[in-house]
Amino acid sequence: MNKEKEQQEISVLGRLLSMEAFIFLMGLVSLGYGVVNGIAVNVFFGLFILAGGVVLYFVKRKDWKKHWEEQEAIKLRLDEIRKREKEARKP
């Protein structure tokens, strides 16, 4: 049971120190620095970094294997439809 608890702690620590969290933190720091000191460039980059962190979070959550399987199935269906249309046009 102690091993399981250690694994959970490592998992929580891994999530807290993830790249997404670091990017989000850097965006907040840049945004805060820009707001406090009145520097528009830092505000812009802070917002840009935060938006990029949100996009990265959703991209990493997506099940890409399932996505590409769905795309392959769609491609196969379209190929079949085109083949039938081509055969129907032949005299």
Side-chain angles (χ1 to χ4, degrees):
M1 185 154 190
N2 192 20
K3 181 90 169 161
E4 186 177 317
K5 185 177 179 182
E6 286 179 22
Q7 188 66 25
Q8 287 176 346
E9 289 174 0
I10 291 171
S11 178
V12 170
L13 185 62
R15 280 191 230 137
L16 289 175
L17 299 176
S18 68
M19 187 58 71
E20 294 92 351
F22 179 70
I23 290 171
F24 188 75
L25 178 65
M26 290 308 298
L28 287 177
V29 167
S30 179
L31 181 63
Y33 181 79
V35 169
V36 168
N37 293 316
I39 303 172
V41 172
N42 284 76
V43 172
F44 169 77
F45 282 118
L47 292 172
F48 195 75
I49 292 168
L50 289 174
V54 169
V55 169
L56 178 63
Y57 173 76
F58 284 111
V59 166
K60 284 187 75 174
R61 283 189 57 194
K62 186 164 179 69
D63 183 1
W64 288 103
K65 184 176 180 181
K66 181 180 174 187
H67 170 77
W68 292 118
E69 288 172 355
E70 290 171 353
Q71 294 299 315
E72 186 65 28
I74 290 170
K75 183 181 180 291
L76 290 174
R77 280 188 252 140
L78 285 174
D79 288 344
E80 288 175 16
I81 291 170
R82 289 181 184 137
K83 184 178 177 182
R84 282 190 227 136
E85 288 176 352
K86 198 177 203 182
E87 290 174 359
R89 289 185 201 151
K90 287 183 181 180

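This one's a predicted model, so the numbers in the text were calculated from it and none came from an experiment. Only this structure's heavy atoms are used, side chains among them; waters, hydrogens and symmetry mates stay out.
Applying the side-chain contact (heavy atoms from CB on, under 4.5 Å) test to Glu70 and every residue at least two apart in sequence or in another chain returns Lys66. Shown here are the side-chain hydrogen bond (donor to acceptor under 3.5 Å, both in side chains) partners of Asn37, two or more places apart in sequence or in another chain: there are none.
Other residues sharing a hydrophobic cluster with Phe58 under the 4.5 Å side-chain heavy-atom criterion for ILVMFWY residues are Val54, Tyr57. Other residues sharing the hydrophobic cluster of Val59, ordered by chain and number and joined by side-chain separations under 4.5 Å: Val55, Trp64, Trp68.
How far CZ of Phe45 is from CG of Leu50: 13.5 Å, rounded to the nearest 0.5 Å.
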Anything under 3.5 Å between a donor and an acceptor, one on a side chain of residues 73-85, the other on a protein residue two or more places apart or in another chain? List them.
{"residue": "Lys75", "atom": "NZ", "partner": "Asp79", "partner atom": "OD2", "Å": "3.4"}

Which pairs would a plain distance check flag for residues 19-33, meaning a side-chain donor or acceptor within less than 3.5 Å of a matching protein atom at least two apart in sequence or in another chain?
{"residue": "Glu20", "atom": "OE1", "partner": "Ser18", "partner atom": "OG", "Å": "3.3"}
{"residue": "Glu20", "atom": "OE2", "partner": "Lys60", "partner atom": "NZ", "Å": "3.0"}
{"residue": "Ser30", "atom": "OG", "partner": "Asn42", "partner atom": "O", "Å": "3.0"}

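Residues Val35 and Leu47 share a single hydrophobic cluster, defined by chaining ILVMFWY side chains whose heavy atoms lie under 4.5 Å apart.
Listed by first and then second residue, the salt bridge (Lys or Arg N to Asp or Glu O under 4.0 Å) pairs involving residues 29-40 amount to none (not counting sequence neighbours).
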